[in-house]
Amino acid sequence: MSLSDKESSTSESGSIKCSVNVDGGARAWASLSGGYANAFGVYQDVYTRSKLASTSQISWIGSTQLFLLFAIGFPAGKLLDLGYYRHTMFFGTVLYVFSLFMVSIAHHDQYYQVFLSQAIGMGIGAGLLYVPALAIQAHYWQKRRAIAMGIVLLGSSTGGVIFPIMLDQLFKGAVGFEWGVRISAFVCLGLLTISNVIMMPNPDIAGLEKSKPDIKAVLTDVPYIILTVGSGLIETGLYFPYFYLQLFSIVKGIEPNIAFYTLAILNAASFPGRIVPNLFADRLGPINLFVPSAIICSGLLFSMYGISSVGSIVAFAIIYGFFSGAWIGLASPCLASLARHPNEVGVRFGFSFALAGIGALVGTPVIGVLLGNTFPWHKAILFSGGTTMAGSFFQFIARQQVSSRTGSKFV
């Protein structure tokens, strides 16, 4: 099977040169077909209404799952760099689907059962899938790397539209919660099986990676660390609407059937957000688009102070979905652009996602505590908007350092 656009790549020692095929071919395009998403906002609403636990405790389920999705990326990225891509994807698929089935039989009056299956099991399984599916794109793409990673992340946007609607209809229909979850598990099993079959590591890169990645060099790369710290602060507040917009709408007096679709609208709007900016990122530089996306998200979070009608909520969901999707979609190309060698891409992704995931872990539970039982939304808005703005400042500093180091404005 031939691949186009051969590019010479040199090992870190500079002593070994070999030809690496990137930017085209059937294997490269097949590697784009994977994708993962969840729609915890639906579960947040269901669990809150069923009095499973307090709002903050329920948020810990989703935030722990989100944290593990990122945190497990560090060992998963290391396994990718060592050549265990298929093993990692297979085990992640089995664990994720098994845990989703366990959610369907967990008793709703037993918080620990839901937490173990949905937070721990699904979180670890998703973590084993997420970073390898993204990082492997750096093995295939150079000139079109940002758009390739954006296409992969479309899976989460697509799932974020389809799964909330599907689960809502199943939960409210004759099927009920248990079989509704099981049906979604069968869908995930089918999609992940396809991904396991058609996604594969680049054999040319696999042959190149004889040396271990220089972990010390990665962890002492100052712009990379600053960018990662900024990402952690941003993720502390970024997912507030993804967890709470549906509940926010209902508390504001929006009709429940309309409020439900705000989550689907939010995810649908992130679909172009993960593609359009990436079309320009390979030319203008991913970090140049990454930082403004975060700043705009912060401003939009503060704008929630003035949201009260159906029109304003829908408008917010569309605009916030686009720019938050842009930030999420540009994160991976930014990290890949800082890698000095293909064999450190997985480690860079994994460490950054793991550290930034701490923000995702604590963010929504803190918001849950701030909301309490009376839902003073101004506290949550101030917290999420403030942390996102602070993270944007860190990432702007990182951008300036990268530009100074490379001598280019297009970073």
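- Between the side chains of Thr387 and Thr236, no donor-acceptor pair of N or O atoms lies under 3.5 Å.
- Taking CE of Met122 as the reference point, atom SG of Cys188 lies at 7.0 Å (rounded to 0.5 Å).
- One N or O on the side chain of Ser195 and one on the backbone of Leu191 form a donor-acceptor pair closer than 3.5 Å.
- Checked by atom type, the side-chain pair Gln395/Ser231 shows a donor-acceptor distance below 3.5 Å.
- If you check the side chains of Ser270 and Tyr320, you find no donor sitting under 3.5 Å from an acceptor.
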Could you pull out all donor-acceptor pairs under 3.5 Å where a side-chain atom in residues 284-293 meets a protein atom, sequence neighbours excluded?
unit_1, atom_1, unit_2, atom_2, d
Asn288, OD1, Arg399, NE, 2.8
Asn288, OD1, Arg399, NH2, 3.2
Asn288, ND2, Leu284, O, 2.7
Asn288, ND2, Lys409, O, 2.7
Ser293, OG, Leu289, O, 2.8

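- No side-chain donor-acceptor contact under 3.5 Å links Ser352 to the backbone of Phe349.
- Here OG of Ser99 is found 10.0 Å from CD1 of Ile120. Values are rounded to the nearest 0.5 Å.
- Of the residues Tyr305, Phe243, Phe316, Trp377, the one that meets the ring pair (Phe, Tyr, Trp, His ring centres under 6.0 Å) test with Phe248 is Trp377.
- Residues Tyr244 and Tyr239 place their aromatic rings such that the two centres sit no closer than 6.0 Å.
- Other residues, nucleotides and ligands contribute over 12 non-hydrogen atoms within 6.0 Å of the CZ atom of Phe383.
- No donor-acceptor pair closer than 3.5 Å links the side chain of Ser249 to the backbone N or O of Ala259.
- At a threshold of 4.0 Å, the pair Arg405-Asp221 counts as salt-bridged, since one of the basic side-chain nitrogens sits closer than that to a carboxylate oxygen.
- Taking CZ of Arg348 as the start and CG of Leu219 as the end, the distance is 9.0 Å to the nearest 0.5 Å.
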